[in-house]
**Student:** 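Pasting a structure below so you can have a look.
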Amino acid sequence: MITSLILTAGFFHLSSSELTTYSITDSGGAVPEGGSADWTGRLVDAWTKACGSNSPATVAVPAGTFFVRHVVLVGPCRSSHISVNIAGTIVSPATYTSEEHWIVFMNVTGLTISGGVFDGRGQAVWNCKNGKRNCPNGATIDVSSPFIAYNIEEHETHMGALQTLPSLLSRHQISPNLVAEDGAEVVVAAETEELIEAAEQQFFTMINKYLLSLAIMNSNNVRLNRVSSVNSEMFHILIYGSRDVLVAGARISALDGSPNTDGIHIQESSGVTVLGSNIATGDDCISIGPGSANVWIESIKCGPGHGISIGSLGSEKVQNGVRNVTAKHVEFFGTDNGFRIKTWAKPSDGFVEHVLFQNATMNNVKNPIIIDQRYCPQKNNCPTKSSGIQISDVVFRDVEGTSATEVAVELYCSSSKPCRDVWLMNINLRSAGVSATMSCSNVNGGSHGVISPPCCLAQ
């Protein structure tokens, strides 16, 4: 079922001759000067023109290094074929602030981002956090003049985050480019002040929830092709509230030990595919959060980092579940975990179901296969010590290699909601110098084929 969903996703391809191109170097306005020149305004201008085009259009970033501050690039665009082609490197400021995102694409249908490097320059905040100092939770941006750019021909006040813009202008000093078909300025009206305030709060809640470099939010039919992200302060790529997203050939890197630098985080999204990517970070290579469905991950090299994780889940009592996840053909190198499911040890009505982890090679991985339903950072706010997340129909298949610890497989499930139908098939894991072992608690399932270390699953 997942395979058919992936194959029928509406990804698109257009030749460059079919696209109108707006380069940030010739999009009009003053040309930034000097080595620290600020290209944010030129990026906004190019996006606004491309998004306002009635025909397929491209934003081009040529070879070179371009300094860009916080920017939110918003649709809906008039065309459903919008490309951002990057030949150079986009860099953030080298200092951190209280803001929690850098570059956001929101409410766009039919977006392709190709090539280039996003350099979040996160070393300053990593050093602050690792030194256990009082560090602001902010991405590397300048909040003195943030930008929101969008284009819309006909606007109704019930269109999600877009209705926040009039209030943002007056209250948060955000500089917009609002372009209609004839180039005239568009003024978006809201029905009531209360409506604006509610939408404004929703907007900032979404974009400030995660400290990140690049975000795809509330968008459909999105392709990220050969994109590189380095040294993000926190998450490198966030996919949130979106459908039919393909990430292919990504290159993501941050220093081992850089805190919370997840490579790709997926949440409240469906039909997400990640293919042929190399990820080396200080946290999860790929993390899958609440509300994720029909996720396909294949041909990944992961390490260093914390592996491929579903979770953490269950931090809230009411939370959407995760279903239909496949991760296959993965190589792990010196990671803390291989395949992991992680949930909070507290009440929740969430779930994890229909998961396949298949064809993986573990190279000196601390926890090659792990289900951990005891998660409780600082042992705080976990009154029952039992997770409410129900885990069912999970298969670990054709996994081989070496464990850096004696316990190569740990399946620790909830005492109040034991795991159901967890299967191990053709597992061959070794520990250096000692016999590898497997640990099971509150889990029902079975095994098939050769299982090493010896299986402890209760059938």
Side-chain angles (χ1 to χ4, degrees), residues 92 96 99-105 117-123 125-126 129-130 135 137-140 206-217 224 227-242 245 247 250-269 272-275 277-292 295 297 300-315 322 325 327 330 332-344 352 357 365-367 370 372 375 377:
S92 71
Y96 54 85
E99 291 295 327
E100 298 187 352
H101 59 284
W102 178 26
I103 297 175
V104 179
F105 292 87
V117 178
F118 293 86
D119 186 352
R121 299 204 284 186
Q123 293 89 340
V125 76
W126 302 345
K129 289 181 177 180
N130 287 332
C135 311
N137 284 327
T140 50
M206 283 195 299
I207 64 174
N208 287 334
K209 188 170 184 179
Y210 300 100
L211 182 65
L212 50 91
S213 280
L214 175 64
I216 306 298
M217 305 185 76
L224 275 64
V227 169
S228 295
S229 177
V230 300
N231 300 328
S232 176
E233 284 195 350
M234 198 168 164
F235 293 0
H236 284 261
I237 297 174
L238 169 67
I239 300 168
Y240 187 95
S242 298
V245 179
V247 180
R251 299 294 181 265
I252 298 172
S253 64
L255 288 179
D256 188 15
S258 54
N260 305 118
T261 52
D262 292 43
I264 300 172
H265 181 74
I266 302 163
Q267 187 158 331
E268 301 295 341
S269 297
V272 178
T273 304
V274 183
L275 300 176
S277 297
N278 292 350
I279 306 173
T281 72
D283 210 289
D284 294 325
C285 292
I286 301 173
S287 54
I288 301 166
S292 299
V295 176
I297 299 164
I300 306 297
K301 291 185 177 180
C302 171
H306 293 180
I308 293 179
S309 297
I310 296 176
S312 60
L313 305 176
S315 60
V322 173
V325 175
V330 182
F332 296 93
F333 300 92
T335 52
D336 284 3
N337 309 289
F339 293 131
R340 174 172 65 163
I341 300 175
K342 179 175 69 171
T343 74
W344 282 74
V352 177
F357 294 125
V365 174
K366 291 180 181 177
N367 302 294
I370 181 169
D372 181 8
Y375 184 62

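From a predicted model like this one, the values you see are computed outputs, not experimental measurements. Residue indices begin at 1 and follow the sequence shown.
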**Student:** Atom CG of Asp262 and atom CD1 of Ile288: how far apart are they, to the nearest 0.5 Å?
**Tutor:**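 So the CG of Asp262 and the CD1 of Ile288 are separated by 11.5 Å.
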
**Student:** Check whether Thr261 reaches the backbone of Ala254 with its side chain - one donor and one acceptor, N or O, closer than 3.5 Å.
**Tutor:**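 Such a contact is absent between Thr261 side chain and Ala254 backbone.
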
**Student:** Do Ser309 and Arg340 have side-chain N/O donor and acceptor atoms under 3.5 Å apart?
**Tutor:**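 Indeed, the side chains of Ser309 and Arg340 share at least one donor-acceptor pair under 3.5 Å.
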
**Student:** Identify the residue among Cys285, Ser228, Ser229 that makes a side-chain contact (heavy atoms from CB on, under 4.5 Å) with His236.
**Tutor:**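 Looking at Cys285, Ser228, Ser229, the match for His236 under the side-chain contact (heavy atoms from CB on, under 4.5 Å) is Ser229.
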
**Student:** So which atom in Ser213 and which in Ser232 form the shortest heavy-atom distance, rounded to 0.1 Å?
**Tutor:**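 Smallest interatomic distance, heavy atoms only, reads OG-OG, 3.0 Å.
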
**Student:** Just how far is it from atom CD1 of Ile103 to atom CD1 of Ile237, taken to the nearest 0.5 Å?
**Tutor:**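 Rounded to the nearest 0.5 Å, the CD1-CD1 separation comes to 11.5 Å.
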
**Student:** On a heavy-atom basis, which atom in Asp119 and which in Trp102 lie closest, and how many Å separate them?
**Tutor:**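 That would be O-CH2, 3.5 Å.
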
**Student:** Compare every heavy atom of His265 with every heavy atom of Ser287, then report the nearest pair and how far apart it is.
**Tutor:**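 Minimum heavy-atom contact is OG-ND1, 2.7 Å.
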
**Student:** Can you list the steps and then say if Val247 with Ile239 is a side chain to side chain contact (heavy atoms under 4.5 Å, CB included)?
**Tutor:** CA-CA 10 Å; Val247 180; Ile239 300 168; 4.0 Å; yes

**Student:** To the nearest 0.5 Å, what is the distance between NZ (Lys342) and CD1 (Ile370)?
**Tutor:**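 Going from NZ on Lys342 over to CD1 on Ile370, the span is 9.5 Å.
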
**Student:** Could you go through Asn337 and His306, starting from their C-alpha distance and side-chain angles, then the distance that decides it, and tell me whether this counts as side chain to side chain contact (heavy atoms under 4.5 Å, CB included)?
**Tutor:** CA-CA 5 Å; Asn337 309 289; His306 293 180; 4.1 Å; yes

**Student:** Hey, what do you get for OG1 (Thr343) to CG (Asp372), rounding to the nearest 0.5 Å?
**Tutor:**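 Taking OG1 in Thr343 and CG in Asp372, the distance rounds to 7.0 Å.
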
**Student:** Please find the pair of heavy atoms, one from Ser312 and one from Trp344, that lie closest to each other, and give the distance.
**Tutor:**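 Looking at all heavy atoms of both residues, the closest pair is OG-NE1, 3.4 Å.
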
**Student:** Once you round to the nearest 0.5 Å, how far does CD1 of Ile300 lie from CD1 of Ile264?
**Tutor:**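 The distance works out to 6.5 Å.
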
**Student:** Between Thr335 (side chain only) and Phe333 (backbone N and O only), is there a donor and an acceptor less than 3.5 Å apart?
**Tutor:**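 Such a contact is absent between Thr335 side chain and Phe333 backbone.
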
**Student:** Step by step, work out the side chain to side chain contact (heavy atoms under 4.5 Å, CB included) result for Leu214 and Phe105.
**Tutor:** CA-CA 8 Å; Leu214 175 64; Phe105 292 87; 3.7 Å; yes

**Student:** Give me the ring orientation class for Phe339 and Phe357: parallel if the planes are under 30° apart, tilted from 30 to 60°, perpendicular past 60°.
**Tutor:**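 Plane angle under 30°, so parallel.
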
**Student:** Identify the heavy atoms of Ala250 and Ser277 that sit nearest to each other, and give their distance.
**Tutor:**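 Nearest heavy atoms, Ala250 then Ser277: N-OG, 3.0 Å.
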
**Student:** Roughly how far apart are Ile310 CD1 and Ile286 CD1, rounded to 0.5 Å?
**Tutor:**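 The CD1 atom of Ile310 sits 11.5 Å away from the CD1 atom of Ile286.
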
**Student:** Could you pull out all residues at least two apart from Phe118 that satisfy ring pair (Phe, Tyr, Trp, His ring centres under 6.0 Å)?
**Tutor:**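 Partners of Phe118 by the ring pair (Phe, Tyr, Trp, His ring centres under 6.0 Å) criterion come out as none, since no residue qualifies.
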
**Student:** Locate the shortest heavy-atom distance separating Lys366 from Asp336; write the atom from each residue and the value.
**Tutor:**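 Distance-wise, the nearest heavy atoms are CB-O, 3.2 Å.
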
**Student:** Between Ser258 (side chain) and Asp256 (backbone), is there a donor-acceptor pair under 3.5 Å?
**Tutor:**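 Not at all, since once roles are kept as given, no pair shorter than 3.5 Å links the two residues.
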
